[in-house]
J.: 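Structure incoming, see below.
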Amino acid sequence: MTKALDKATADGLNVESGLKAIGLTNQRETTVVWSKSTGCPLYNAIVWMDARTSSICRKLEKDLPGGRTHFVESCGLPLSTYFSAVKLLWLMENIDEVKVAIKKGDALFGTIDTCNAEVIGKISKGWPVLGVPIAGCLGDQHAAMVGQACLKGEAKSTYGTGAFIMLNTGTEPVKSNHGLLTTLAFKLGPESPTNYALEGSIAIAGAAVQWLRDNLGIISTASEIETLASEVDSTGGVYFVPAFNGLFAPWWRDDARGVCIGITRFTSKAHIARAVLESMCFQVKDVLDSMHKDAGEKGEVKNEKGEFLLRVDGGATVNNLLMQIQADLLGSPVVRPADIETTALGAAYAAGIAVGVWKEDELFASGHKLNTSTTFSPKLCEERRKKKVDSWCKAVERTFGLADLES
C-alpha cells in the first residue's frame, strides 16, 4: 500500500486527499480457521493449490453414494483438493488447537474474501490511509471478471501461477455437464442482481515457466521464455503436460502427474520452452471447449464476424507469442486490454460502486471500449489445429494414474 501511494505521488497525484475507498482482491479457496475471541489464526492458512487433502478426497469418493460428483447438485463443485471444505476437514482432524476451539465454540472458518461491493470497515491505525473505507472485496478471478467488464455471454482468462477462465452466465446458474464449476460471479451491492458464471481452473500455467527457470535453469528470467521459444517454429512433436499436483478442469484427476513426451535427439531447450507455452494454451482450450458445450449458442456473445472473443489478462499476457499460440489453438481471437492488471482494477471498480463514485451500468458500458486493446487473430489452419489437439489429448491421457510412482 505504501509503495502504491509513493508511486502515485511520484506521478503527481494527491491520492490521500481524494481517496474515497479501497478494494481488496484475494485468493479464494485458501482456508483459515481463527479464534472468535482473539481474531488470531489457530493454524497456518492452507492455500488453494495445497494437495495434502488428497487422501480425504479419495476416501470421500469411495464412501459417498455420488462419488466424485456427490456435491455438484448442491454446490456446483466436484470433490477435489482445490476446494475449502476438505481443507477445513483436514484442520479439524489434524490440528489440536482447532479441535479445542471447536469444542469451546471459539472457532470461526472462512476463505479470505467476503461481500463484493459494500463498506466492510475502515482502515485502522498502523496502516497507510487511516480511516479510508474498505468497500470492495472480491476473489481474484471474480475481480478480473469485473475489471474486464464481462457481461452475460462473455468470458475472460487470467494467466498467473495458474490460469482461470470464467464465462458470465447472467442471473441464472448453469449446471455443467463437462467438468466445469458453477459459481457466483459477483453481486455489486445489496440491491444489485447476482451474476453467476461457469469456471474452469488450471493449477499450473505461469508456474510451469517458473519451474523451467528455478528447477531446471533453462531460462534465468521468466520473460526469456518468449525469446527462447521463438527460436523454433514448432515444438518438434514435444508435448508437455504440467500435471505437477494433478489436473483440475475439465479432467479433475488428482492421480495425474506431469509428463513430457515426444522427445528425440533433435529436441532442444527451445522446443521444450515452446511446449511449455503451448501447454498453457491447450489447457485453456480444453476449458473453453467445455464452456461452449455447457453454455450453448444462446449463452455466448459473438462479434459481427460470428467469432467468440476471449478477453485475457494477468502477468503472462505480456508474452505476445503465448497470446498468438492461444489464438491459433482456439481458432478464434484473443483480446488483451491496455492494462493487463484487471484483478486490481476490478477490486477498485467494486469499491467505487459501493461508495457511489460510479454506477454499475456506467462501469460495464465503459468497459466495452476495446479500441485500446490488442487483438491476436488465429493464423493456424484448421487441419493442423485438429492434429495438434489430438496429440495433446494423447499426452494428457499419459498423465493419469502416475501419483503412486516409486520415488
Side-chain angles (χ1 to χ4, degrees), residues 1 21-57 59-60 64 70-72 74-143 146 164 173 181-190 192 194 196-197 199 201 343 346-347 350-351 354-355:
M1 289 167 72
I22 70 162
L24 305 175
T25 175
N26 314 286
Q27 294 182 3
R28 299 173 299 159
E29 286 78 11
T30 294
T31 298
V32 67
V33 176
W34 70 97
S35 162
K36 191 191 295 187
S37 53
T38 69
C40 294
L42 298 168
Y43 189 71
N44 292 344
I46 301 180
V47 299
W48 62 276
M49 207 190 278
D50 194 299
R52 76 183 73 181
T53 56
S54 54
S55 58
I56 292 175
C57 290
K59 184 178 185 304
L60 288 170
L64 293 168
H70 185 82
F71 296 107
V72 166
S74 57
C75 68
L77 309 176
L79 273 171
S80 167
T81 59
Y82 184 32
F83 305 114
S84 51
V86 286
K87 299 181 197 295
L88 174 60
L89 199 53
W90 187 93
L91 287 163
M92 290 165 70
E93 290 176 356
N94 292 280
I95 304 303
D96 290 338
E97 291 86 346
V98 172
K99 292 177 190 173
V100 170
I102 289 170
K103 268 188 188 167
K104 286 183 183 172
D106 188 44
L108 291 173
F109 144 76
T111 51
I112 310 298
D113 61 302
T114 178
C115 32
N116 289 166
E118 300 177 39
V119 176
I120 299 159
K122 292 186 177 178
I123 295 177
S124 59
K125 283 181 184 171
W127 293 85
V129 295
L130 173 67
V132 169
I134 302 167
C137 187
L138 295 127
D140 45 15
Q141 302 316 317
H142 307 266
V146 173
F164 302 86
L181 313 178
T182 303
T183 186
L184 284 160
F186 47 80
K187 179 179 168 65
L188 298 175
S192 292
T194 300
Y196 293 87
E199 178 179 2
S201 307
T343 304
V355 297

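Quick caveat: nothing in here was measured; it's all calculated off a predicted structure.
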J.: State the CZ-SG distance between F83 and C57, to the nearest 0.5 angstrom.
T.: 9.5 Å
J.: Should Y43 and N94 count as side-chain neighbours, where that means a heavy-atom distance under 4.5 Å?
T.: no
J.: Please evaluate residues E199 and S201 with respect to the criterion side-chain hydrogen bond (donor to acceptor under 3.5 Å, both in side chains), reporting the C-alpha separation (whole Å), side-chain torsions for both, the decisive distance (0.1 Å), and the verdict.
T.: CA-CA 7 Å; E199 178 179 2; S201 307; 3.2 Å; yes
J.: With side chain to side chain contact (heavy atoms under 4.5 Å, CB included) as the test, would you mind laying out the steps for M92 and I102 before giving the verdict?
T.: CA-CA 8 Å; M92 290 165 70; I102 289 170; 3.6 Å; yes
J.: With rounding to the nearest 0.5 angstrom, report the CH2 to OG distance, W90 to S54.
T.: 12.0 Å
J.: May I ask you to decide if F186's main-chain N or O and N116's side chain share a donor-acceptor pair within less than 3.5 Å?
T.: no
J.: Rounded to the nearest 0.5 Å, what separation is found between the CD1 atom of I22 and the CE atom of M1?
T.: 4.5 Å
J.: So which atom in V146 and which in G346 form the shortest heavy-atom distance, rounded to 0.1 Å?
T.: CG1-O, 3.9 Å
J.: Mark yes or no for whether H142, through its side chain, and A185, through its backbone, hold a donor-acceptor pair below 3.5 Å.
T.: yes
J.: Does E29 offer a backbone N or O that forms a donor-acceptor pair with the side chain of T31 under 3.5 Å?
T.: yes
J.: State, with a plain yes or no, whether a side-chain heavy atom of L184 is found less than 4.5 Å away from one of T194.
T.: yes
J.: State the CG-CD1 distance between N44 and I95, to the nearest 0.5 angstrom.
T.: 9.0 Å
J.: Could you tell me which non-hydrogen atom of A354 sits nearest to which non-hydrogen atom of E118, and how far apart they are?
T.: CB-N, 3.7 Å
J.: Cut-off 3.5 Å, side chains only: do T343 and D140 have a donor facing an acceptor?
T.: no
J.: Measure centre to centre between the rings of W48 and F164, then say whether the value is under 6.0 Å.
T.: yes
J.: Would you find a donor on one side and an acceptor on the other, under 3.5 Å apart, between the side chain of S74 and the backbone of F71?
T.: yes
J.: Counting C-beta onward and ignoring hydrogens, is there a side-chain heavy-atom pair between T111 and R28 closer than 4.5 Å?
T.: no
J.: For a quick test of reading the model, state the closest non-hydrogen atom pair linking I120 to C137 and the distance between them.
T.: CD1-CB, 3.6 Å
J.: Any idea which heavy atoms bring I123 and P128 closest together, and the distance?
T.: CG2-O, 3.3 Å
J.: Any chance you could lay out the side chain to side chain contact (heavy atoms under 4.5 Å, CB included) test for L108 and V33, step after step, and finish with the verdict?
T.: CA-CA 6 Å; L108 291 173; V33 176; over 6 Å; no
J.: Tell me the closest heavy-atom pair linking A143 and T25, and the distance in Å.
T.: CB-OG1, 3.7 Å
J.: Evaluate the side-chain proximity of E93 to I56: yes if any heavy-atom separation is below 4.5 Å, no if none is.
T.: yes
J.: Roughly how far apart are C115 SG and L188 CG, rounded to 0.5 Å?
T.: 12.0 Å
J.: Go through it in stages, so that I can follow the logic: the residues are V355 and V119, the test is side chain to side chain contact (heavy atoms under 4.5 Å, CB included), and I'd like the CA-CA distance, side-chain angles, deciding distance and then a yes or no.
T.: CA-CA 8 Å; V355 297; V119 176; 4.1 Å; yes
J.: Do the side chains of S84 and F109 get nearer than 4.5 Å, heavy atoms only?
T.: yes
J.: Locate the shortest heavy-atom distance separating V86 from T53; write the atom from each residue and the value.
T.: O-CG2, 3.4 Å
J.: So does D50 pair up with K87, basic N to acidic O under 4.0 Å?
T.: no
J.: Report the C-alpha separation of V32 and I112 in whole Å, then their side-chain angles, then the decisive distance to 0.1 Å, and conclude whether the side chain to side chain contact (heavy atoms under 4.5 Å, CB included) test is met.
T.: CA-CA 8 Å; V32 67; I112 310 298; 4.1 Å; yes
J.: So V132 and K122, do their side chains get closer than 4.5 Å, heavy atoms only?
T.: no
J.: Report the distance from atom CG of L91 to atom CG of L42, rounding to the nearest 0.5 Å.
T.: 9.0 Å
